[in-house]
Protein chains: 2
Amino acid sequence: MNVPNIKDLVDRYIAVSFSVEKKAASLVKNQIGSDLTNDQHFTLRYINQVGSCTSSELAEVFDVKKSAITAMITRMWEKGLIQRTRDENDRRVVYLTLTEKGSELYVKAEEKIHNLVESLINRFDQAEIQQFIETFEKLDKVLSQSNGQ
Amino acid sequence: MNVPNIKDLVDRYIAVSFSVEKKAASLVKNQIGSDLTNDQHFTLRYINQVGSCTSSELAEVFDVKKSAITAMITRMWEKGLIQRTRDENDRRVVYLTLTEKGSELYVKAEEKIHNLVESLINRFDQAEIQQFIETFEKLDKVLSQSNGQ
DNA sequence: TTTAACTGTTCAACTATTTAACTATTAACG
DNA sequence: CGTTAATAGTTAAATAGTTGAACAGTTAAA
């Protein structure tokens with residue numbers, strides 16, 4: 001059979017997605033290793049992007065419970081990477097921002113990851129990798145819809 | 001700019017890979033929820049595929065330390081999903097196999113995941129998703145090379 | 001036969017996560 | 001207004017997964 005049927009594709013997708021996930025994580029850990037876990041790096045990344053956000057916002061973006069965010073933020077706060085500031089108008093709300101140290105650490109790690117990913121991407125034909133990323137982004141949207149229900 | 005440069009592609013890849021990883025995990029957890037974690041499911045999947053394997057083999061495949069495997073296997077062994085059998089010729093070695101219960105649980109969960117992934121894949125043009133998976137598999141190989149060094 | 005290598009386990013420490021109970025604050029409405 | 005709802009975030013206990021270091025038992029090599 002030259003044309004794979006749906007069942008084959010499903011099998012291959014399941015296998016390859018798990019494999020790539022694991023290998024990418026371990027590659028980042030081994031080659032970056034910046035005292036930041038994957039989740040911590042992406043938390044810094046998000047806060048850096050939006051400038052300032054709340055725990056609830058992070059919980060929704062990362063699709064975990066708020067208490068998980070509290071725990072993670074506390075660990076990074078203890079390392080001096082993140083600042084907590086109470087809103088003076090609504091004193092329930094706590095704004096999260098990067099400290100200088102957090103920002104510097106993030107930028108350094110991000111640069112390394114960038115180089116790493118670039119070296120991977122450069123091993124592909126540009127049209128191929130571009131199409132790949134576009135389909136990946138479509139998949140991301142489809143997953144958002146599926147999860148939202 | 002119609003043609004994205006490399007930096008854009010790298011940014012987009014980093015963002016989308018993390019997002020899809022999180023969303024897929026949470027979708028599986030919410031819609032499958034079979035008393036198995038993701039890692040446990042993939043462990044059962046691997047053992048089911050090869051029939052029988054050792055801790056060291058799993059540690060290498062999943063790229064974690066052997067003590068992590070011991071802990072995970074112990075948890076599944078306590079649930080009656082996995083059997084440990086000492087090699088009579090080389091008494092250092094312990095073979096891991098699925099129990100009846102482990103096999104049944106795996107097959108049930110696998111079927112659900114299969115249906116879920118199929119429903120996702122069916123929302124794409126078949127040629128597009130096929131190309132996507134092929135590039136994904138190439139990426140997997142590239143990551144293997146990068147990790148092996 | 002002593003030494004080296006290998007397989008797997010245990011233990012302490014850590015990150016990440018959920019659930020449930022809780023505090024403090026703000027909003028709603030009767 | 002005052003009681004009740006909802007909201008934002010935290011705490012605590014439990015579980016999963018992970019590393020690193022030390023260790024036991026077994027086999028291979030010198």
Side-chain angles (χ1 to χ4, degrees), chain A residues 18 21-30 32-44 46 52-79 81-97, chain B residues 18 21-30 32-44 46 52-79 81-97:
Chain A
F18 183 75
E21 181 183 320
K22 289 289 171 188
K23 285 176 191 166
S26 105
L27 190 59
V28 167
K29 196 180 56 192
N30 295 335
I32 311 293
S34 62
D35 294 337
L36 286 178
T37 65
N38 238 347
D39 292 297
Q40 288 176 353
H41 180 74
F42 273 94
T43 304
L44 295 187
Y46 183 82
S52 156
C53 71
T54 64
S55 282
S56 302
E57 188 179 339
L58 283 178
E60 207 191 323
V61 170
F62 293 164
D63 198 21
V64 296
K65 298 293 179 241
K66 285 188 295 180
S67 54
I69 301 294
T70 297
M72 198 166 50
I73 294 297
T74 296
R75 281 187 291 272
M76 290 195 276
W77 174 78
E78 281 166 350
K79 289 183 193 164
L81 306 178
I82 283 185
Q83 212 169 359
R84 284 171 156 136
T85 317
R86 274 227 123 76
D87 184 337
E88 282 305 319
N89 295 337
D90 185 343
R91 298 190 53 73
R92 290 170 299 184
V93 177
V94 175
Y95 294 120
L96 305 172
T97 51
Chain B
F18 183 73
E21 182 183 319
K22 288 289 169 187
K23 285 176 190 166
S26 105
L27 190 59
V28 166
K29 196 179 57 188
N30 294 335
I32 310 294
S34 62
D35 293 339
L36 286 178
T37 66
N38 238 348
D39 291 299
Q40 288 176 354
H41 180 76
F42 273 95
T43 304
L44 295 186
Y46 183 82
S52 157
C53 70
T54 65
S55 282
S56 303
E57 187 179 338
L58 283 178
E60 207 191 322
V61 169
F62 293 163
D63 198 21
V64 296
K65 299 291 179 241
K66 284 187 297 180
S67 53
I69 300 295
T70 299
M72 195 166 51
I73 295 297
T74 297
R75 281 188 290 270
M76 290 195 276
W77 173 78
E78 281 166 349
K79 289 183 193 164
L81 306 178
I82 283 185
Q83 211 168 0
R84 284 170 156 135
T85 318
R86 274 227 123 76
D87 184 335
E88 282 304 317
N89 296 338
D90 185 342
R91 297 191 52 74
R92 291 171 299 186
V93 178
V94 175
Y95 294 119
L96 306 172
T97 50

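On a predicted model such as this, the values are computed, not experimentally measured, just so you know. Quick note on labels: first sequence line is chain A, next is B, and so on, each numbered from 1. As a basis for the values below, the full set of heavy atoms in this structure was taken, side chains included, without hydrogen atoms, waters or symmetry mates.
Distance from the side chain of Thr37(A) is smallest for dT15(C) among the nucleotides dA16(D), dT27(D), dT15(C). Checking dT26(D), dT17(C), dT18(C) against the side-chain heavy atoms of Ser67(A) singles out dT18(C) as nearest. Side-chain atoms of Lys79(B) lie closest to dA16(D) of the nucleotides dG8(C), dA16(D), dT17(C). Nearest to the side-chain atoms of Asp90(B) among the listed nucleotides dT10(D), dT27(D), dA8(D) stands dT27(D). Of the candidate nucleotides dA5(C), dT26(C), dT18(C), dT18(C) has the atom lying nearest to any side-chain atom of Lys29(B). Listed nucleotides dT18(D), dT19(C), dG8(C) differ in distance to Lys65(A); the shortest reach to its side chain belongs to dT19(C).
Here the P atom of nucleotide dT15(C) and the CH2 atom of Trp77(A) are 15 Å apart, to the nearest Å. One atom, CD of Glu57(B), and another, C1' of dT7(C), lie 13 Å apart when rounded to the nearest Å. As a whole-Å value, the separation of Arg91(B) CZ from dC6(C) P is 21 Å. What separates CD of Glu78(A) from C1' of dC14(C) is a distance of 12 Å, to the nearest Å. As rounded to whole Å, 12 Å separates atom C1' of dG17(D) from atom CZ of Phe18(A). The distance from atom CD1 of Ile69(B) to atom C1' of dC6(C) is 17 Å, rounded to the nearest whole Å. In this structure, Ile73(B) places its CD1 atom 13 Å from P of dT10(C), rounding to the nearest Å.
OP1 and OP2 of dC6(C) both lie 4.0 Å or more from every side-chain N or O belonging to Ser56(B). Contact between the side-chain N/O atoms of Arg75(A) and the OP1/OP2 oxygens of dA16(C) is found at a separation under 4.0 Å.
The aromatic rings of Phe18(B) and Phe42(A) sit parallel to each other, their planes meeting at less than 30°, with 60° as the upper class boundary.
Within 4.0 Å (heavy atoms only), Thr54(A) reaches sugar-phosphate atoms of the nucleic acid but no base atom. Using a 4.0 Å heavy-atom cutoff across all strands shown, Asn89(A) reaches sugar-phosphate atoms only and no base atom. Residue Lys66(B) is in base contact, counting any heavy-atom pair closer than 4.0 Å across all strands shown. No engagement by Asp87(B) is indicated, since no non-hydrogen atom pair under 4.0 Å with the nucleic acid exists. Within 4.0 Å of Arg84(B), counting heavy atoms only, lie sugar-phosphate atoms of the nucleic acid but no base atom. Heavy atoms of Thr70(A) sit under 4.0 angstrom from at least one base atom.
Residue Thr97(B) holds its OG1 atom at 8.0 Å from CD1 of Ile82(B), rounded to the nearest 0.5 Å. The distance from the CD atom of Glu60(B) to the NZ atom of Lys66(B) is 11.0 Å, given to the nearest 0.5 Å.
Nearest-nucleotide positions on DNA chain C for Val94(B) and Asp39(A) put Val94(B) closer to the 5' end.
Side chains of Thr43(A) and Ile73(A) form a contact here, defined as non-hydrogen atoms less than 4.5 Å apart.
A donor and an acceptor atom sit less than 3.5 Å apart, one in the side chain of Arg92(A) and one in the base of dT7(D).
dA30(D): Watson-Crick or G-U partner is dT1(C), with both key distances under 3.5 Å.
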